[in-house]
Amino acid sequence: VIIPYIISIIVSIAAAAIVVLTNGKLGAALVFVTGIVVVIATLYKVEWGFYMFFGMVILFDQFINRMPGGTPITYKFGYFLNLKQNPYLPSFSWGDMNPLEIQLALILLAWFISVAARRSRKVQGVPFWGFAVLMLVVFLGEEFHGLHDGGRFLRSLWEIRALFYFMLLYFLVPQIIQTKEQIATLLWIFIIMITIKALQGDVRLAILGFRFDGCT
């Protein structure tokens, strides 16, 4: 019973230290606390981690091209940016992964742990798995062919990494989402996140004086 209080105290002290070390950047502390919450929730129940992953992918923006009224709040978190490009994290050479990929790896790890710890949880069959394997083989073959012809690994990774997310989720989703209640939860998350983004758009429209000048 006392463990949650101890964890809360440790996280609070660490967050305060981060604010001091980053010269008052509250965003860095927020990213740290959010990361701790995501890790604990995912390891406790893998479906909770998937719910948060699903919500973050919908909520946060990936590409912004000179939007009138300034940069949206949902873009400033840098969820799709590589770690070395994230303004809330210190720069380091091994930072070519982004928070999305780390969260996917965490979900996969939590699922492996749950399968190993609970004999009642079984690996579910994946429909049309042969086509999925063929698709993966083709992607890997084209990647190695491009690199052999002088292609740059990081640039190629930017172009195809989303396809590998799809392949991983094609396997993971049937293992995690298996009940009507879970599907209903995902639908509610979808509704809530889209509503938040819509409200953000309304605020931006009000700031612009309810005009669409300059919008494309």
Side-chain angles (χ1 to χ4, degrees), residues 3-5 7-8 10-12 14-15 26-64 72-83 86 88-89 97-129 132 161-202:
I3 293 179
Y5 295 100
I7 294 176
S8 300
I10 294 174
V11 172
S12 299
L26 295 178
L30 178 61
V31 168
F32 170 76
V33 174
T34 302
I36 295 297
V37 171
V38 169
V39 170
I40 293 175
T42 303
L43 293 178
Y44 180 70
K45 279 194 176 182
V46 64
E47 56 265 35
W48 288 6
F50 186 80
Y51 295 153
M52 289 185 286
F53 169 79
F54 182 76
M56 290 179 178
V57 168
I58 297 174
L59 180 64
F60 297 129
D61 298 288
Q62 182 171 8
F63 299 111
I64 299 296
I73 296 176
T74 49
Y75 179 76
K76 294 181 179 180
F77 287 92
Y79 182 70
F80 294 96
L81 292 178
N82 290 341
L83 295 181
N86 196 304
Y88 302 110
L89 298 174
M97 295 183 68
N98 57 36
L100 181 148
E101 293 167 342
I102 294 176
Q103 200 170 359
L104 265 179
L106 177 63
I107 293 172
L108 184 61
L109 173 64
W111 177 77
F112 274 122
I113 294 175
S114 66
V115 170
R118 304 175 188 173
R119 296 181 179 179
S120 58
R121 183 184 286 269
K122 299 180 180 179
V123 177
Q124 301 295 320
V126 178
F128 306 108
W129 63 269
R161 64 202 306 179
L163 298 173
F164 287 99
Y165 304 159
F166 172 77
M167 297 299 300
L168 180 57
L169 289 172
Y170 190 76
F171 168 78
L172 270 179
V173 171
Q175 316 305 323
I176 301 172
I177 306 302
Q178 301 176 353
T179 66
K180 291 183 178 179
E181 289 77 13
Q182 291 174 328
I183 295 175
T185 300
L186 288 178
L187 289 175
W188 275 111
I189 292 173
F190 180 83
I191 292 170
I192 292 171
M193 295 304 170
I194 292 297
T195 300
I196 293 174
K197 298 198 73 171
L199 292 174
Q200 179 181 239
D202 292 338

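A quick note: this is a predicted structure, and the numbers were derived from the prediction, not measured. One-based numbering along the sequence shown.
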Do [X] and [Y] touch side chain to side chain, with heavy atoms closer than 4.5 Å?
| X | Y | answer |
| --- | --- | --- |
| Asn98 | Glu101 | yes |
| Phe53 | Pro99 | no |
| Met167 | Phe171 | no |
| Tyr51 | Leu186 | yes |

_side-chain contact (heavy atoms from CB on, under 4.5 Å) against Phe112, all qualifying residues, sequence neighbours excluded_ = Leu108
*For atom CD1 of Ile192, is the number of surrounding heavy atoms from other residues, nucleotides or ligands below 6.0 Å larger than 12?*
yes
*Considering non-hydrogen atoms only, spot the tightest contact between Ala15 and Phe32 and give its length.*
N-CE2, 4.0 Å
*What are the two closest non-hydrogen atoms of Phe60 and Phe80, and how far apart are they?*
O-CE1, 3.2 Å
_Please verify the inter-ring angle class for Phe50 with Phe54; under 30° counts as parallel, over 60° as perpendicular, anything in between as tilted._
parallel
[atom2] on [Y] to [atom1] on [X], rounded to 0.5 Å:
| X | Y | atom1 | atom2 | result |
| --- | --- | --- | --- | --- |
| Met52 | Thr42 | CE | OG1 | 4.0 Å |
| Ser12 | Ile7 | OG | CD1 | 11.5 Å |
| Gln182 | Ile177 | CD | CD1 | 4.5 Å |

*Run the numbers on Thr34 and Met56 for side chain to side chain contact (heavy atoms under 4.5 Å, CB included), then give the verdict.*
CA-CA 11 Å; Thr34 302; Met56 290 179 178; 4.0 Å; yes
*With Val46 as reference, evaluate Leu106, Ile107, Ile113 under the side chain to side chain contact (heavy atoms under 4.5 Å, CB included) test and give the passing residue.*
Ile107
*Which residues pass the salt bridge (charged side-chain N to carboxylate O under 4.0 Å, His left out) test with Lys197, sequence neighbours left out?*
Asp61
